[in-house]
There are 2 protein chains.
Amino acid sequence: MHRSGLIARLERHLALTEEERAAISRAEQREIRLKPGEILMAEGGTSHALFVVHYGWLHSAARLAAGGRQILRFHYAGDLIGTSSIAWSQASATLTAVSDCTVTELPKADLGQIFRQQPRLAGLLYAIAAAENVAMSDRLTSIGRKGAAERLTTLLLDILARLRVTAGGVIDSFDLPLTQSDIGDALGLTKVHVNRTIRALERDGVIERNGRRVRILDPELQMRRTGFVDRYGEIETAWLPPAP
Amino acid sequence: MHRSGLIARLERHLALTEEERAAISRAEQREIRLKPGEILMAEGGTSHALFVVHYGWLHSAARLAAGGRQILRFHYAGDLIGTSSIAWSQASATLTAVSDCTVTELPKADLGQIFRQQPRLAGLLYAIAAAENVAMSDRLTSIGRKGAAERLTTLLLDILARLRVTAGGVIDSFDLPLTQSDIGDALGLTKVHVNRTIRALERDGVIERNGRRVRILDPELQMRRTGFVDRYGEIETAWLPPAP
DNA sequence: CGCCGAGTTGAAGCCTTTCAACGCTGGTGG
DNA sequence: CCACCAGCGTTGAAAGGCTTCAACTCGGCG
């Protein structure tokens, strides 16, 4: 099996011991490959496992009684997902592949083992969960208090920031596998208005498009204008207990 | 010192051992009392501690460059707050007292101790963080995909559900210490529209008001209509490692 | 070759915001 | 002690951003 996406993620914050790496490897079970649109876990279904993303994108989404959909988060390599199954046995959101992707199962019981034997990893996972909570807050602020153009720009900057991590360099363009309908469901807009907003950003020289390739002309400028903060760069680890 | 709100919260999910209780008591430092409107922690400020709420309400909010504000969450007795300081030393949100309240400090370093010595507590804290993440998702869905009346009803139901826990019974009314401006900032609406929406709910027989007292006429009906889910009732603990 | 999903565009309507004004209440200082 | 002031709640009217409805194009897949 190839290298774990989760281990790679954790090592960006902390130099893991051999034991810590082994504990995670042991917990990760069978690998699952998904095609775009395939569902990994359905809202309301029962689940006794989390998933680690190794490659590709997914999203988690909630359905409304009225028939709409809200995309809650996008998940990239290194993310530990399906975390709602930690607190309940029923999934609170649907996990769907956006691109081709591979994930591995991580049974809840094995997570318990990690918490028992690797307190430093437990702390780091807790810190990452706290960071994700803050990222969620940013999204809430964006949807609650910003107009369509700014929401869209922020989403594109967020995707760019996440991809820059794995790309290992400062890129300014990427392939966007999302439909405009998906984008609307992520931003709380209709697909029609997403389309108009995208075209307005093009006209205003904020972005360029070529097929599904999107280029942000001056990412740093846009980050300043929207007040975008990358929540995934650094995580403080000084408070963590030492490795055993 | 009176009984810790956090211990009470955790014991709703798990029967704690004497050692576990002691570990938390040891970590909780000086008690702080706040009056409505007082700020416990300011966005951008540095902080090396979390806080445990023992009594009263607070909220966390983010400011926008444009001048607006988004209230992210309300915090009640038993909540562990300021968790953004777990991942960074800078606070990402401002914590403000809504009512009179008392909290205690919980230094990050002591949290590290708890993670090292009490893996079961660590797991439970992680599960609670996961549950909060889901609650945040619910809010995102509400703001992204629902109209003003439904957002407001959902907020009132959420407050009711939280108060029912500490009230220890099925209540259907409560004192609402929030201004309409606060409510607007929590729901992504203007205070003017909040006012119109409140009056519409009164006219439609959804709520009654008497000063700051709010009564929801048929909470169960409204829960069904809005698809409200109480995320704070049960948390699964079967996967947790055993107490040492 | 035809169909279906995705993207695009126009026009009309609705929900929410903005701007403005006024009453009420509780706290403060003369 | 009381007048004043500031903040909150309330309401109206007009404007604006986003949605809805509808139609048309384009490209890929069966």
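Letters go in sequence order (proteins before strands), and every chain restarts at 1.
Counting non-hydrogen atoms of other residues, nucleotides and ligands closer than 6.0 Å to CD of A/E202 gives a total above 12.
Between the CD1 atom of A/I183 and the P atom of C/dG5 there is a distance of 19 Å, given to the nearest Å. Rounded to a whole Å, the CG atom of A/D185 is 14 Å from the C1' atom of C/dA6. Computed from coordinates, the B/R212 CZ to D/dG9 C1' distance equals 12 Å when rounded to whole Å. Counting to the nearest Å, the P atom of C/dT9 and the CZ atom of A/R199 are 4 Å from each other. Separating the CD atom of A/Q180 from the P atom of C/dG7 is a distance of 4 Å, rounded to the nearest angstrom.
Taking all atoms of both residues into account, the shortest heavy-atom contact from A/N133 to B/A129 is ND2-O, 3.8 Å. Closest heavy-atom contact between B/A49 and B/E105: CB-CG, 4.0 Å.
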Item to check | From CA spacing to verdict: side chain to side chain donor-acceptor pair (under 3.5 Å), B/T153, B/Q222 | outcome: CA-CA 7 Å; B/T153 308; B/Q222 298 309 327; 5.1 Å; no
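Looking at A/T141 and A/D138, their side chains never bring a donor and an acceptor atom within 3.5 Å of each other.
Within 4.0 Å (heavy atoms only), A/R209 reaches sugar-phosphate atoms of the nucleic acid but no base atom.
Remark: B/N195 is in phosphate contact with D/dT10, judged by side-chain N or O atoms under 4.0 Å from OP1 or OP2.
The salt bridge (charged side-chain N to carboxylate O under 4.0 Å, His left out) contacts involving residues 72-96 of chain B comprise B/R9-B/D79, B/R73-B/D79, B/R73-B/E132, B/D79-B/R162, where partners must be two or more places apart or lie in separate chains.
A donor-acceptor pair under 3.5 Å links the side-chain atoms of B/E38 to the main chain of B/K35, judged by distance alone.
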Distances under 3.5 Å between protein N/O atoms and the N/O atoms of nucleotides 15-19 of chain D, please, pair by pair.
unit_1, atom_1, unit_2, atom_2, d
D/dC18, OP1, A/A148, N, 3.1
D/dC18, OP2, A/H193, NE2, 3.1
D/dC18, O5', A/H193, NE2, 3.4
D/dT19, OP1, A/T190, N, 3.4
D/dT19, OP2, A/T190, N, 3.1
D/dT19, OP2, A/T190, OG1, 3.0

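Note that the two end axes of the helix from C/dC1-D/dG30 to C/dG30-D/dC1 enclose an angle of 30°, each drawn from 5 base pairs, rounded to 10 degrees.
At a threshold of 4.0 Å, the pair B/R145-A/D185 counts as salt-bridged, since one of the basic side-chain nitrogens sits closer than that to a carboxylate oxygen.
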